[in-house]
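See structure below.
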Amino acid sequence: MVVDTGSSLSWLQCSPCRIYCHDQVGPVFDPAASASYRPVSCSESECNSLDKDVLSLGSGQRFAGFVYGCGQDNEGLFGRSAGLIGLARNKLSLLSQLAPSLGYSFSYCLSTAASTGYLSIGSYNAGQFSYTPMQSSSLDNSLYFVRLTSITVGGRGLPVSSSAFTGTPTIIDSGTVITRLPSNVYAALSSAIAAALREYPRQPAYSILDTCFRGSLSRLAVPAVAMVFQGGATLRLAPRNVMIDVDGSTTCLAFAPARRVAIIGNKQQETFSVVYDVGRSRIGFAAGGCG
């Protein structure tokens with residue numbers, strides 16, 4: 001399943017796949033094989049043809065009446081996943097449905113190919129994290145807004161005003177790959193990275209990525225980059241969190257300019273433990289979270 005903090009509804013592909021199911025790892029869920037599955041009619045409060053079933057977690061806990069979507073037409077960029085775990089602040093999300101039993105918090109580590117990640121609902125080791133307050137925004141009260149205050153490259157802050165960061169709302173989203181920054185912040189970051197990597201030949205833009213270089217990430221001397229949030233919580237990014245190989249001969253800066261909302265994407269979150277403590281309105285980061 002795709003872990004998505006920007007989505008409310010959890011859903012998975014369901015047989016008989018009346019319209020379309022993409023290829024996934026493992027068998028497609030068969031509602032007919034579930035003794036506890038029950039369709040929800042449009043007249044019920046959950047509405048919109050969602051479904052109820054018993055959700056069982058790896059810890060052996062079972063939760064009756066779990067509401068989720070049973071997809072018969074599944075189109076989009078979901079890789080080979082079976083579906084999506086919605087973790088936004090909405091009553092339909094997996095978090096909200098499990099919070100009365102497990103607590104209103106969750107944590108995860110998004111893995112690389114060389115590590116193993118996790119998703120945990122409920123209690124966590126509070127002492128291992130540094131925290132930033134959750135922010136509120138009228139744009140969407142189901143999303144997780146944070147305040148990015150600065151970015152450093154090689155230990156030096158970008159030459160932009162503090163208002164360049166705070167003037168654009170910022171969300172953290174596990175379902176978005178590439179981080180989007182306010183346009184003037186992105187321009188300053190791009191210039192700083194280009195200056196640090198000036199000995200490497202430039203390459204043309206690749207899709208939304210316009211700061212690209214010839215060669216693979218393993219051959220580039222990528223400078224240290226840190227993203228600092230209100231309260232001092234800091235993501236100290238490894239080269240793999242800063243750059244991304246887009247083909248065999250090109251690597252690009254894994255950031256892009258934002259439009260209306262800035263986004264802290266999952267490329268920058270990889271291998272960090274991230275906790276969303278909704279009950280205490282804070283988000284925490286800890287390095288080295290994946291096994």
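Counting begins at 1 with the first residue of the sequence.
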Exercise for the section: For His22 and Asn74, work out which heavy atoms get closest and say how close. Expected result: ND1-O, 3.6 Å
Completion exercise
So OG of Ser174 and CD1 of Ile85: to nearest 0.5 Å the spacing works out to 9.5 Å
Practice task
Pick out which of Tyr131, Phe229, Phe272 makes a ring-ring contact (aromatic ring centres under 6.0 Å, His included) with Phe285.
Solution key: Phe229
Fill in the blank from the handout: Between Ser249 and Gln203 the two heavy atoms that sit nearest each other are O-NE2, 3.9 Å
Handout entry: Euclidean distance, Ser281 OG relative to Tyr104 OH, rounded to 0.5 Å
Key = 11.0 Å
Handout entry: Hydrophobic cluster membership, Phe106 vs Leu98, 4.5 Å side-chain cutoff
Key = yes
Completion exercise
dist Leu9:CG -> Ser93:OG (nearest 0.5 Å) comes out at 9.5 Å
Handout entry: Polar side chain donor-acceptor pair, Gln230 to Thr149, under 3.5 angstrom
Key = no
Practice task
Give a yes or no on whether Leu12 and Val28 share a hydrophobic cluster (residues Ile, Leu, Val, Met, Phe, Trp, Tyr; joining criterion: side-chain heavy atoms under 4.5 Å apart).
Solution key: no
Problem - Check ion pair Arg282-Asp277 (N to O, under 4.0 angstrom) - result: yes
Practice task
Check for a donor-acceptor pair, side chain of Ser137 on one end and backbone N or O of Leu139 on the other, with a separation under 3.5 Å.
Solution key: yes
Practice task
Could you grab the distance from atom CD1 of Ile121 to atom CG of Leu87, nearest 0.5 Å is fine?
Solution key: 5.5 Å
Exercise for the section: Say whether Thr211 and Tyr206, considering side chains only, have a donor N or O and an acceptor N or O under 3.5 Å apart. Expected result: no
Handout entry: Heavy-atom check, side chain of Leu237 versus side chain of Gln268, under 4.5 Å
Key = yes
Handout entry: Tyr68 side chain to Gln97 side chain, donor-acceptor N/O pair below 3.5 angstrom
Key = no
Handout entry: Quiz item: cation-pi between Arg202 and Phe213, 6.0 Å / 45°
Key = yes
Exercise for the section: Would you mind reporting whether Arg180 and Ile208 have side-chain heavy atoms less than 4.5 Å apart? Expected result: yes
Exercise for the section: Check whether any side-chain N or O of Arg198 sits under 3.5 Å from a backbone N or O of Ala195 as a donor-acceptor pair, and report yes or no. Expected result: yes
Problem - Tyr186 and Phe255 aromatic centres sub-6.0 Å - result: no
Exercise for the section: Output yes when a side-chain donor or acceptor of Ser191 lies under 3.5 Å from a complementary backbone atom of Ala187, and no otherwise. Expected result: yes
Exercise for the section: For Ser111 and Thr116, test the side chains for any donor-to-acceptor distance below 3.5 angstrom and give the result as yes or no. Expected result: no
Problem - Inter-residue atom distance Gln269.CD - Ile264.CD1, 0.5 Å rounding - result: 8.0 Å
Handout entry: Flag side-chain contact, heavy atom, 4.5 Å: Thr5 against Tyr276
Key = yes
Problem - CG/Asp247: more than 12 non-hydrogen atoms of other groups inside 6.0 Å - result: yes
Problem - Any Asp73 side-chain heavy atom under 4.5 Å of Arg18 side chain - result: no
Practice task
Compare every heavy atom of Ala88 with every heavy atom of Gly6, then report the nearest pair and how far apart it is.
Solution key: C-CB, 4.4 Å
Practice task
Spell out, as yes or no, whether a donor-acceptor pair under 3.5 Å connects the side chain of Ser142 to the backbone of Asp140.
Solution key: no
Problem - Minimum-distance pair of heavy atoms, taken over all atoms of Asp173 and Ile263 - result: CB-CG2, 3.9 Å
Exercise for the section: Measure from the side-chain N and O atoms of Ser115 to the backbone N and O of Cys290, and report whether any donor-acceptor pair falls under 3.5 Å. Expected result: no
Handout entry: Val225 side chain reached by Arg236 side chain, heavy atoms, under 4.5 Å
Key = no
Handout entry: ILVMFWY cluster, Leu95 and Val146 together (side-chain gap under 4.5 Å)
Key = yes
Handout entry: Close side-chain approach of Thr179 and Lys267, heavy atoms under 4.5 Å
Key = no
Handout entry: Connected via hydrophobic side-chain network under 4.5 Å: Tyr124 and Leu94
Key = no
Handout entry: Shortest non-hydrogen contact from Gln135 toward Arg147
Key = OE1-NH2, 3.6 Å
Handout entry: From CG (Leu253) to OG (Ser190), nearest 0.5 Å
Key = 6.0 Å
Handout entry: Any donor-acceptor pair under 3.5 Å from Ser96 side chain to Asn90 backbone
Key = yes
Problem - Gln13-Gln72 side chain donor-acceptor pair, cut-off 3.5 Å - result: no
Practice task
Mark yes or no for whether Asp4, through its side chain, and Leu84, through its backbone, hold a donor-acceptor pair below 3.5 Å.
Solution key: no
Practice task
Indicate yes or no: at least one non-hydrogen side-chain atom of Cys70 is less than 4.5 angstrom from one of Pro31.
Solution key: yes
Exercise for the section: Apply the test ring-ring contact (aromatic ring centres under 6.0 Å, His included) to residues Trp11 and Phe78: give CA-CA distance (whole Å), side-chain angles for both, the deciding distance (0.1 Å), then the verdict. Expected result: CA-CA 12 Å; Trp11 62 267; Phe78 300 107; 5.0 Å; yes
Problem - Donor-acceptor contact below 3.5 Å, side chain Asp30 vs main chain Cys14 - result: no
Problem - Side-chain donor-acceptor contact under 3.5 Å, Tyr108 with Asn266 - result: no
Exercise for the section: Might you point out which heavy atoms bring Gly289 and Tyr118 nearest each other, and give the distance in Å? Expected result: O-CE2, 3.6 Å
Exercise for the section: Evaluate the criterion side-chain hydrogen bond (donor to acceptor under 3.5 Å, both in side chains) for residue pair Thr166 and Ser163; output intermediate values, then yes/no. Expected result: CA-CA 5 Å; Thr166 58; Ser163 62; 5.6 Å; no
Problem - Identified side chain to side chain contact (heavy atoms under 4.5 Å, CB included) partner of Thr132 from the options Val228, Ile172, Ile283 - result: Ile283
Exercise for the section: State whether a side-chain donor-acceptor pair under 3.5 Å links Thr271 with Arg240. Expected result: yes
Problem - Any side-chain donor near an acceptor of the partner, Ser34 and Asp53, under 3.5 Å - result: yes
Handout entry: Exam field: side chain Ser207 to backbone Leu209, donor-acceptor pair closer than 3.5 Å
Key = no
Handout entry: Path from Val177 to Leu110 over hydrophobic side-chain contacts below 4.5 Å
Key = no
Problem - Min side-chain heavy-atom separation Ile193-Pro223 under 4.5 Å - result: yes
